[in-house]
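As structure tokens, the structure follows; a few thoughts come after it.
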2 protein chains.
Amino acid sequence: MRKTVVARVPEPSAAVPPGTEAGAPVRASGIGPVQDDPASESLTERVYRELRLRLVTGRIAPGATLSSRGLAQELDVSPMPVREAVGRLVAESALEVHSKRYICVPAMTRARFQDLLHCRLLLEPEAARLALPFIEPAHLRLLVEADERLSASLVGGDAQKYMQSNFDFHFLIYGARAQLTMLHLIETLWLQFGPWMRVVYGRVGTAHLLDRHKQALQAIREADAEALAKAIHDDIAEGMGLIGLTGLDP
Amino acid sequence: MRKTVVARVPEPSAAVPPGTEAGAPVRASGIGPVQDDPASESLTERVYRELRLRLVTGRIAPGATLSSRGLAQELDVSPMPVREAVGRLVAESALEVHSKRYICVPAMTRARFQDLLHCRLLLEPEAARLALPFIEPAHLRLLVEADERLSASLVGGDAQKYMQSNFDFHFLIYGARAQLTMLHLIETLWLQFGPWMRVVYGRVGTAHLLDRHKQALQAIREADAEALAKAIHDDIAEGMGLIGLTGLDP
DNA sequence: GTCTTTCAGGTGTGATCGCACCATGCGCAA
DNA sequence: TTGCGCATGGTGCGATCACACCTGAAAGAC
């Protein structure tokens with residue numbers, strides 16, 4: 001998911017207003033949207049962020065088919081915000097609408113996968129390299145915590161928590177330096193391979209990824225940009241390699 | 001005002017029963033790229049592409065404010081497809097909605113500009129390098145034509161044609177190899193700096209960009225990947241430098 | 001004349017309705 | 001029992017209406 005649009009609205013992350021959320025399901029009775037809480041983001045935005053989260057954490061399986069009305073009911077909004085949110089994700093190649101019939105995750109071809117991998121290897125090590133000087137002790141602490149959550153999720157068998165922790169780990173690094181454009185590009189990539197990343201979890205070799213994270217942490221402590229870039233590079237290459245092993249479509 | 005279903009089903013005049021129709025387009029089983037018949041793209045798609053074109057060719061000025069209803073009237077569609085298209089562009093950071101009041105091009109800060117430039121320099125030379133082996137004589141011919149159109153537009157004083165030709169030139173190179181993901185990322189970047197690129201036109205130094213294009217063409221003829229990457233790199237750096245010279249917001 | 005107030009118009013957002021399309025399945029006929 | 005045809009339900013897309021909000025300028029008060 002998107003990391004707090006720093007330069008825009010100072011509005012708090014809105015990550016956890018479940019209380020108000022439950023109280024204000026505008027799901028009105030015929031009459032207007034009411035929308036009395038001006039601080040709240042738009043419904044479209046909320047749905048958009050929720051779907052992004054689900055994609056990045058692999059909660060939307062590649063084969064599954066979605067529908068705007070179905071999602072609307074599930075998220076307790078009208079189909080309208082869902083339609084808009086889905087449209088945005090379609091523009092980002094994160095979803096696809098097939099012949100105006102159903103919504104699903106785009107197929108993964110070998111060529112597309114290589115393309116995706118190439119882009120990641122181009123952007124992410126560089127993003128990490130650039131961000132390194134901006135990683136402060138507080139940041140490092142968060143990184144270690146994310147890494148611990150990741151280890152725990154491997155032991156505990158919580159796939160979704162694993163995905164979330166992995167996402168947190170990477171974007172805590174990249175996001176240390178406020179380079180929104182590059183961050184956004186990388187997020188777009190994660191949106192696309194996220195659903196497929198799920199198969200990595202629990203696979204032989206997943207443990208290796210932990211080593212890469214350890215190497216990254218060590219590189220950060222030593223302020224060694226090259227070592228950090230290499231650790232990220234290897235983490236990506238190995239992780240994506242685990243996906244690539246499973247037979248792709250074509 | 002507009003009269004309804006224009007773009008929809010022109011007519012089934014050919015009287016082709018659905019059964020025989022299935023003969024031509026092999027309805028791919030299950031999921032696949034498929035690329036539904038381009039004949040009847042949705043209105044949203046049409047508006048989306050039109051707005052993208054306008055952004056990339058600098059036809060939407062940084063300062064200008066847009067409105068859904070205004071665009072709808074201008075493009076002769078209802079506000080609905082415009083709203084969706086704008087939403088997609090907002091997701092790509094190509095447009096912005098200010099406090100639910102008006103739509104405009106996002107402000108360009110120095111940091112954002114540097115970020116954008118950095119991403120371009122990371123992706124585009126590499127995209128060109130990768131595409132080089134796939135550039136065939138027919139492609140090269142198109143490239144030369146685009147370059148000639150670009151020169152002509154400088155003489156003729158047609159800013160929009162200049163922008164379009166420049167876009168064509170770059171994406172003819174990158175697109176020689178079908179790497180859709182990387183292409184999409186680069187397009188996202190162009191969408192963001194496009195409106196600001198306009199100020200480059202006619203500026204002192206614009207002629208230098210022509211030299212870079214000539215160098216690129218020569219590199220392609222000689223199949224020199226490094227030289228091509230360097231030409232693209234320099235072209236970007238100089239072109240963006242021309243933008244950077246003009247006082248940015250902060 | 002200047003300042004305050006109000007109101008009208010316009011905006012993005014959300015809800016609801018209608019349409020063309022397609023897949024599935026029930027019912028009728030062979 | 002087996003096969004075909006039509007009806008029904010569900011889909012995405014587009015249009016239209018309703019609402020909260022904000023801005024601009026005109027109208028009023030001093």
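Quick caveat, the model's predicted, so the values are computed rather than measured. Chain naming here is simple, since letters A, B, ... match the order of the sequence lines and numbering starts at 1 in each.
One atom, CG of A:Leu43, and another, P of C:dT16, lie 12 Å apart when rounded to the nearest Å. What separates OH of A:Tyr48 from C1' of C:dT13 is a distance of 18 Å, to the nearest Å. Per the geometry, CG belonging to A:Leu71 stands 10 Å off P belonging to D:dT11, to the nearest Å. Remark: P of C:dT13 and NE2 of B:His98 are 12 Å apart, rounded to the nearest angstrom. Following rounding to the nearest Å, B:Arg88 (CZ) and D:dG12 (P) show an atom-to-atom distance of 13 Å. B:Glu84 places its CD atom 7 Å from the P atom of D:dG14, with the value rounded to the nearest Å. The separation between B:Glu41 atom CD and D:dG14 atom C1' is 15 Å, rounded to whole Å. Per the geometry, OH belonging to B:Tyr102 stands 23 Å off P belonging to D:dA20, to the nearest Å.
In this structure, A:Trp196 has its ring center at least 6.0 angstrom away from the ring center of A:Phe113.
Phosphate proximity of D:dG14 to B:Thr44: present, with a side-chain N or O under 4.0 Å from OP1 or OP2. Note on A:Ser68: every side-chain N or O is 4.0 Å or more away from OP1 and OP2 of D:dT11.
A:Leu55 has its side chain within reach of A:Pro195: a pair of non-hydrogen atoms, C-beta onward, lies under 4.5 Å apart.
For B:Arg83 and D:dG14, a side-chain-to-base donor-acceptor distance below 3.5 Å is absent, hydrogens and geometry of angles not being considered. Residue A:Arg69 places a side-chain atom within donor-acceptor reach of the base of D:dG12, judged by atom type and a 3.5 Å distance cut-off alone.
Minimum atom distance to the side chain of B:Pro81 is reached by D:dG14, of the listed D:dG14, C:dG12, D:dT11. Side-chain proximity of B:Ser78 to D:dC13, C:dA23, D:dA15: nearest is D:dA15.
Ring planes of A:Phe171 and A:Tyr174: perpendicular class, angle over 60° (limits at 30 and 60°). B:His98 and B:Tyr102 have parallel rings, their planes meeting at less than 30° on a 0 to 90° scale where 60° marks the start of perpendicular.
Of the residues near DNA chain C, A:Arg101 and A:Met80, the one whose nearest nucleotide (by heavy atom distance) lies more toward the 5' end is A:Met80.
Under the side-chain contact (heavy atoms from CB on, under 4.5 Å) test applied with B:Leu89, the options B:Ile60, B:Ile103, B:Leu95 reduce to a single match, B:Leu95.
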